[in-house]
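Counting begins at 1 with the first residue of the sequence.
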Amino acid sequence: MSTTQPSPAPADPIPGRIRAKRSPRPGTWISAVIVVLLVLALANFLVTNTVFDWGTVATYILDVKVVQGVGWTLLITVLSMVLGTVIALTAAIMRRSENPVLRGVSWAYIFVFRGTPVYTQLVFWGLFTVIVPKIALGIPFGPEWFSFSTRDYFPAFWAAVVGLGLNEGAYLAEIIRSGLNSVDKGQSEASKALGMGNGQILRRIIIPQAMRVIVPPLGNETIGMLKTTSLVLAVPFTLDLTFATNAIANKLYAPIPLLVVAAIWYLAITSVLMVGQYYLERYFGRGFDDRPGGAGPAKRGRRARQRAVNSASTTPKNSLPEVEL
């Protein structure tokens, strides 16, 4: 009867090499167990607590008024951010200008709109048609050529957009200015040496590189603007998501389920905006991306250059190993 002998273990190709093992980390498992228990307790609280009334939440999550409120909220958010970005870019360029008058005007605008609460500003713009009932064009202290009533051309919707846009522009102006200042001045000097004008340098050299710094806080401000639209009742504008859910809650005498409905919609929209912000950051961060967990473009570029050097056979075979910083 033949017996099978166990095959010998393969010899270590590098004798004397130390086989390192990771040290145990019990803290990871303990924290994971605690988190799981807390999540289960929270889920049990949400399911068993009758105050949330999930049946009412399911009934009104896709209600016509609620969906229309979502649409109005998104429209106000987009228009306000577009207006705020245009104003902020203009104010940031004025702050960088050599003209002291332009710098002073930009500073005064930022000072006023950053120094007063957004709710107060929205109330002011809601009363704009009372403060300025008519706008006329003509010769000062002389005859008027034509005039129009502000009530006819400045409804509550546009008052909300203008109020939010002007307030947001004051905050974005400093963000954009810091992004423009992050580009090395030597690039502007080199562009001028090539015969490029100031406007061309700004459009083709400075702004594309500054976007890497501007996009992350710009995405955060967009998410903040989405939630700030809940204050447009101060204008008053009564078609946004918050007012729509509050109106239904007042009819049903059930404020908590409708608050949950509004929270779910805000979370869903915020999640989409966060995904878009991630891809924008990755696009404008090409060449600077060194996030852990994967080789970024900069690291892949270094590896490609190293492979090109190795394939050229211009280095000795026993060269020093590659060290990635």
Side-chain angles (χ1 to χ4, degrees), residues 60 63-91 108-137 147-175 218-252 255 258-270 272-273:
Y60 288 95
D63 184 77
V64 176
K65 295 293 184 182
V66 173
V67 175
Q68 289 177 351
V70 172
W72 282 108
T73 297
L74 289 175
L75 183 60
I76 293 175
T77 301
V78 172
L79 293 178
S80 300
M81 286 304 300
V82 170
L83 177 62
T85 304
V86 172
I87 295 175
L89 181 59
T90 305
Y109 159 71
I110 294 173
F111 172 77
V112 171
F113 283 90
R114 284 207 312 175
T116 54
V118 61
Y119 187 87
T120 303
Q121 296 177 31
L122 289 174
V123 172
F124 170 83
W125 288 109
L127 297 173
F128 180 77
T129 56
V130 177
I131 300 172
V132 185
K134 184 179 70 171
I135 295 178
L137 181 63
S147 63
F148 61 90
S149 173
T150 55
R151 292 181 180 272
D152 299 332
Y153 298 96
F154 200 69
F157 172 77
W158 289 112
V161 171
V162 170
L164 293 175
L166 287 173
N167 178 265
E168 186 62 34
Y171 289 92
L172 286 181
E174 292 300 291
I175 294 173
L218 179 63
N220 295 337
E221 289 295 320
T222 303
I223 293 173
M225 174 62 71
L226 173 71
K227 294 177 288 187
T228 308
T229 56
S230 60
L231 299 178
V232 295
L233 179 61
V235 172
F237 181 76
T238 59
L239 296 176
D240 67 298
L241 175 59
T242 299
F243 187 87
T245 53
N246 286 341
I248 298 174
N250 293 334
K251 292 180 180 179
L252 299 177
L258 272 301
L259 285 176
V260 173
V261 170
I264 291 174
W265 273 110
Y266 281 119
L267 284 173
I269 300 171
T270 302
V272 175
L273 293 177

The criterion is side chain to side chain donor-acceptor pair (under 3.5 Å); which residues satisfy it with Gln68, sequence neighbours excluded? none
Step through the shown structure and confirm whether more than 12 heavy atoms of other residues, nucleotides or ligands are within 6.0 Å of OH on Tyr119. no
When rounded to the nearest 0.5 angstrom, what is the spacing between NZ in Lys227 and CD1 in Ile269? 12.0 Å
How would you list all residue pairs meeting side chain to side chain donor-acceptor pair (under 3.5 Å) that involve residues 74-87, not counting sequence neighbours? none
Tightest non-hydrogen contact, residues Ala160 and Leu122, listed as O-CD2, 4.1 Å
What is the minimum heavy-atom distance between Gly169 and Ala88, and which atoms define it? O-CB, 3.4 Å
Do Trp158 and Leu79 come within less than 4.5 Å of each other through their side chains, counting heavy atoms only? yes
Would you call Ile76 and Phe157 a side-chain contact if the rule is heavy atoms closer than 4.5 Å? yes
Taking every heavy atom of Thr73 against every heavy atom of Leu241, the minimum-distance pair comes out as OG1-N, 3.0 Å
How would you list, by chain and number, every residue that makes a side-chain contact (heavy atoms from CB on, under 4.5 Å) with Val132, sequence neighbours excluded? Phe128, Ile135, Thr150
Could you grab the distance from atom CG of Leu231 to atom OG1 of Thr229, nearest 0.5 Å is fine? 8.0 Å
Gap separating the CG atom of Asp63 from the CD1 atom of Ile248, nearest 0.5 angstrom: 4.0 Å
Look up atom CG in Leu172 and atom CD in Glu221, then write down how far apart they are to the nearest 0.5 Å. 5.5 Å
Taking side chain to side chain donor-acceptor pair (under 3.5 Å) as the cut-off, I'd like each qualifying pair that reaches into residues 231-252, sequence neighbours left out, listed once. Thr242-Tyr266
Taking salt bridge (Lys or Arg N to Asp or Glu O under 4.0 Å) as the definition, give me every residue that meets it alongside Lys134, ordered by chain and number, with sequence neighbours left out. Glu144
Met81 side chain near Leu218 side chain, heavy-atom distance below 4.5 Å: yes
Indicate the ring-plane relationship of Phe237 and Trp72, choosing parallel, tilted or perpendicular according to the 30° and 60° boundaries. perpendicular
Return the minimal non-hydrogen interatomic distance between Ile110 and Ala173, and the atom names on each side. CD1-CB, 3.8 Å
Correct closest heavy-atom pair for Val235 and Ala159 would be CG1-CB, 3.7 Å
Looking at Tyr109 and Leu166, would you say the former's side chain and the latter's main chain have a donor-acceptor pair under 3.5 Å? yes
Counterpart residues, side chain to side chain donor-acceptor pair (under 3.5 Å), relative to Thr116 (two or more places apart): Gln121
Here the pair of heavy atoms bringing Gly163 nearest to Trp125 is CA-CD1, 3.4 Å
